[in-house]
Novice: 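Quick one: structure below, then a few questions.
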Amino acid sequence: MSHQHTFLFTDLEGSTRLWEEHPQKMLAAMSQHDALLKNAVEEQNGHIVKTTGDGLHAVFESPVNGLQAALAGQISILKANWPEETGPFRVRMGLHAGEGEERDGDYYGPALNRAARIMSAAHGGQVL
């Protein structure tokens, strides 16, 4: 059964290069990245569906909560201290509200595809 949700997708801009050039520094930096975004999602009553390499996919009951989580996540990323080798992380984010079908702890449907495409159109530091 489909229900109305708000979906958030995030991705770290330039992560492939960072992993290739600074693999050890990226381990700690990604741990910090993950903790900051997890906190932002959970503070807005969201649920992380899964991590997607260098980003995440989260779901919210409310569009307002999804937007507040995205903005809080961006602010926490901007304020964080990052390793000199990696420089500040630039995370792109996409939000979209629509129907999604939950199956086995994951979500499916056109709204999720749209949220992922919206995220891919963003630049690091943007929420679309």
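Computed from a prediction, not measured in an experiment: that's the story for all the values here.
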Novice: Could you go step by step and tell me if T6 and N65 meet the side chain to side chain contact (heavy atoms under 4.5 Å, CB included) rule?
Specialist: CA-CA 9 Å; T6 298; N65 289 116; over 6 Å; no
Novice: Just by distance, do the side chain of E43 and the backbone of A69 share a donor-acceptor pair under 3.5 Å?
Specialist: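 Between the backbone of A69 and the side chain of E43 there is no qualifying donor-acceptor contact (under 3.5 Å).
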Novice: State, to 0.1 Å, how close L18 and F89 come at their nearest heavy-atom pair, and which atoms those are.
Specialist: CD1-CE1, 4.3 Å
Novice: Closest heavy-atom contact between G105 and E102?
Specialist: CA-OE2, 4.2 Å
Novice: What I'd like to find out is whether the side chain of M93 reaches to under 4.5 Å of the side chain of L37, using heavy atoms alone.
Specialist: yes
Novice: Quick check: closest heavy atoms across Q32 and A80, and the distance to 0.1 Å?
Specialist: NE2-CB, 3.2 Å
Novice: Is there a path from M30 to W82 through hydrophobic residues (I, L, V, M, F, W, Y) whose side chains come within less than 4.5 Å of each other?
Specialist: yes
Novice: Could you tell me which non-hydrogen atom of L128 sits nearest to which non-hydrogen atom of A121, and how far apart they are?
Specialist: CD1-C, 3.8 Å
Novice: Which heavy-atom pair separates S15 from D54 by the least distance, and what is that distance?
Specialist: OG-OD2, 2.6 Å
Novice: Do F7 and H96 make the cut of ring centroids closer than 6.0 angstrom?
Specialist: no
Novice: Between W19 and L27, does a side chain to side chain contact (heavy atoms under 4.5 Å, CB included) hold up when you go through it step by step?
Specialist: CA-CA 9 Å; W19 277 110; L27 288 173; 3.9 Å; yes
Novice: According to a 4.5 Å side-chain heavy-atom criterion applied to Ile, Leu, Val, Met, Phe, Trp and Tyr, with indirect links allowed, do F60 and V49 form part of one hydrophobic cluster?
Specialist: no
Novice: In terms of hydrophobic clustering (I, L, V, M, F, W, Y; side-chain heavy atoms under 4.5 Å; direct or indirect links), are L56 and M26 co-clustered?
Specialist: yes
Novice: For the hydrophobic clusters of this structure (ILVMFWY residues joined by side-chain heavy atoms under 4.5 Å, transitively), does one cluster hold both L71 and L95?
Specialist: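 Yes; tracing contacts between hydrophobic side chains, which count when under 4.5 Å, links both residues.
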Novice: What distance separates R90 CZ from D11 CG, expressed to the nearest 0.5 Å?
Specialist: 12.5 Å
Novice: In terms of relative ring orientation, are H57 and Y107 parallel, tilted or perpendicular, with 30° and 60° separating the classes?
Specialist: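 Ring orientation, 0 to 90° scale: perpendicular.
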Novice: Taking V59's backbone N and O only, do any of them form a donor-acceptor pair with H5's side chain (distance below 3.5 Å, no angle check)?
Specialist: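 No.
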Novice: What I'd like to find out is whether the side chain of R92 reaches to under 4.5 Å of the side chain of M119, using heavy atoms alone.
Specialist: yes
Novice: Are L67 and V41 linked, directly or through other ILVMFWY residues, by side chains that come within less than 4.5 angstrom of each other?
Specialist: yes
Novice: At what distance, to the nearest 0.5 angstrom, does OG1 of T86 lie from NZ of K25?
Specialist: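 With rounding to 0.5 Å, OG1 (T86) is 9.0 Å from NZ (K25).
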Novice: Just by modelled atom types, is the V91 backbone N or O under 3.5 Å from a matching donor or acceptor in the Q74 side chain?
Specialist: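 Yes, the answer is positive, given that a donor and an acceptor are paired below the 3.5 Å cut-off.
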Novice: Nearest 0.5 Å, please: how far is CG in L36 from CD1 in I75?
Specialist: 12.0 Å
Novice: As an exercise, state the distance from CZ of R117 to CZ of F9, rounded to the nearest 0.5 Å.
Specialist: 10.5 Å
Novice: So how far is it from I48 CD1 to K38 NZ, rounded to the nearest 0.5 Å?
Specialist: 6.5 Å
